[in-house]
Amino acid sequence: MATFINEASHTFNEYLLIPGYSSSECIPANVSLKTPLVKYKKGETPKITMNIPMVSAIMQSVSGDRLAVALATEGGVAFIYGSQSVEDEAEMVRRAKNYKAGFVVSDSNITPDATMADVVALKEMTGHSTVAVTDNGKANGKLLGIVTGRDYRVSRMDPATKVSEFMTTFDKLITAPEGTTLKIANDIIWDNKLNSLPIIDKEGRLVYMVFRKDYDTHKQNPNELLDADKRYVVGAGINTRDYAERVPALVEAGADVLCIDSSEGFSEWQKLTLEWIRAKYGDSVKVGAGNVVDAKGFRFLAECGADFIKVGIGGGSICITRETKGIGRGQATALIDVCAERDRYFEETGIYIPVCSDGGIVYDHHITLALAMGAEFVMLGRYFARFDESPSNKVSIGGTYYKEYWGEGSARARNWQRYDLGGDKKLSFEEGVDSYVPYAGPLKDNVAMSLAKVRSTMCNCGALTIPELQEKAVLTLVSATSIVEGGAHDVIQKEKSNTVK
């Protein structure tokens, strides 16, 4: 006979935090949201620590290289989707890693025989106004000059004008030799009032570009999550089928952390994948696993060698796994159960494995609840899909803008690997839907607002760090009636208008 768990499983919406004592130091400006991304031994420092507790879901409609850059700029990590070719995913990782390294490999290059029309087309494609002119039109070619917006006027020049006729030639450029430190490069930029500084080798070949705007951007974004070479930290998704080809390509491209993208992690497929990675790379390659919803699932993946473990089955806004297959668990109950096992595992082994809460986040305060229940960070899909930086299209429906958002288990994604049970290479039925979400603008503004709420709530609980929140938090279950009481009620609300009068 089946085993029955008679206690109901609960969602985040069924819990509230009880306020705790707040000292005068408990102000949002003093709150630290730093949190470990990967496992570590007691007394040691994690190899990767995030500055905010947010990662993006491994989804086609969420995590491309643009979002990876935007989220790392704010202090989190994006996991670039794996439901694409190995080569395409590796290239996305490579673009994100090279986007801003202080020393940037130029992605806007042209030959002197090209035309102004070619320059304009290149600018439209890359979005960059500084174009390096090299002998072969490549990033590693011999530098012959630079073209910026100041060198040409579309309205006054013939589009067929050769680049060689209007570029700033090499003899008029200020350059620096290979090996110049970032500090010295920035000093040269400031002393000479430059917008960019080419770095060249002994043969005059272009090696890097250093941009003034990157220095300014860093100063404006103190939470940037960078690796030892001052490149953005980037994650990538893998599956349990082609890991022998995908993992080496992603590691070579520079991925800092990997994550097995699967709807259900309590399986031999994940064990085999983790064992292969450990046998080939040891502990040098960091890889998360999941998803699980109970203590047994956590213990299994912990013993298989996972660096972090994802919790959640069927709680995503576009996921219909519970509806279709009848499996899953309320996200709050699953998270509480897994985090309790995580703490027991730490006591037994001295190894702390971070827990990621994946799914079930509907409101910003659910992030705080997930952290209080024991998660180190949350993985978000719908949340990030709404932003400018997500890969999906922005569409107008009835005069309102939306972004397309589809599940990896939908027919549109055709990501059979995520739901792989060792059968045919196809989706037998859908476990996700194709949908729209309200367009919300740039990632930066929205993340700042969401985390402002998290910091404020933490102060209400008397906590200035996530571990302190987990120690001090007092949670209470709420009734259906008290959920209604928590919103606006018994009033006639004024109509909201976007028109400024």
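Just so you know, these numbers use all the heavy atoms, side chains as well, and skip hydrogens, waters and symmetry mates. All residue numbers refer to positions in the sequence shown, counting from 1.
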Stepwise salt bridge (Lys or Arg N to Asp or Glu O under 4.0 Å) test for Arg344 and Glu347:
CA-CA 5 Å; Arg344 285 191 289 269; Glu347 290 176 8; over 6 Å; no
Whether Arg278 engages the ring of Tyr281 as a cation-pi pair (distance to the six-membered ring centre under 6.0 angstrom, angle to the ring normal within 45°) should be assessed.
no
Are Arg299 and Glu348 close enough for a salt bridge, meaning some N to O gap below 4.0 Å?
yes
If only atom types and distance count, is the side chain of Gln470 paired as donor or acceptor with the main-chain N or O of Leu371 below 3.5 Å?
yes
Other residues, nucleotides and ligands only: do more than 12 of their heavy atoms fall within 6.0 Å of NZ on Lys296?
no
Please report the C-alpha distance between Gln60 and Ser83 in whole Å, then the side-chain angles of each, then the deciding distance to 0.1 Å, and finally whether the side chain to side chain donor-acceptor pair (under 3.5 Å) criterion is met.
CA-CA 7 Å; Gln60 293 175 5; Ser83 51; 3.0 Å; yes
Any donor-acceptor N/O pair, Asn446 side chain to Met449 backbone, under 3.5 Å
no
Would you call Arg342 and Glu376 a salt bridge, taking side-chain N to carboxylate O under 4.0 Å as the test?
yes
Kindly check if the number of other-residue, nucleotide or ligand heavy atoms within 6.0 Å of CD (Glu268) is above 12?
no
Test Asp364 against Ser450 for side chain to side chain donor-acceptor pair (under 3.5 Å), laying out the working first.
CA-CA 6 Å; Asp364 287 339; Ser450 296; 3.0 Å; yes
In terms of side-chain heavy atoms, does Tyr40 have a donor or acceptor partner in Thr45 at a distance below 3.5 Å?
no
Any chance you could lay out the side chain to side chain donor-acceptor pair (under 3.5 Å) test for Asn393 and Glu404, step after step, and finish with the verdict?
CA-CA 6 Å; Asn393 294 321; Glu404 293 179 309; 3.2 Å; yes
Is it true that Phe308 and Phe377 have ring centroids separated by less than 6.0 Å?
yes
Can you tell me how far OG of Ser357 sits from CZ of Phe12, rounded to the nearest 0.5 angstrom?
3.5 Å
Output all residues satisfying side-chain hydrogen bond (donor to acceptor under 3.5 Å, both in side chains) with Lys271, sequence neighbours left out; order by chain, then residue number.
none
If you count every heavy atom of other residues, nucleotides or ligands that lies below 6.0 Å from Ile18 atom CD1, does the total exceed 12?
yes
Hey, is Asp337 close enough to Arg329 for a salt bridge, meaning N to O under 4.0 Å?
yes
Between Glu91 and Arg94, does any NZ, NE, NH1 or NH2 come within less than 4.0 Å of an OD or OE carboxylate oxygen?
yes
Pairs flagged by salt bridge (Lys or Arg N to Asp or Glu O under 4.0 Å) wherever residues 2-14 is involved - sequence neighbours left out
none
For Tyr363 and His366, take the angle between the two ring planes, folded into 0 to 90°, and tell me which bin it lands in: parallel under 30, tilted 30 to 60, perpendicular over 60.
perpendicular
In plain terms, say whether Lys97 and Asp229 are close enough for a salt bridge, that is, a side-chain N and a carboxylate O under 4.0 Å apart.
no
Partners passing ring-ring contact (aromatic ring centres under 6.0 Å, His included) against Tyr439 (at least two apart in sequence or in another chain)
none
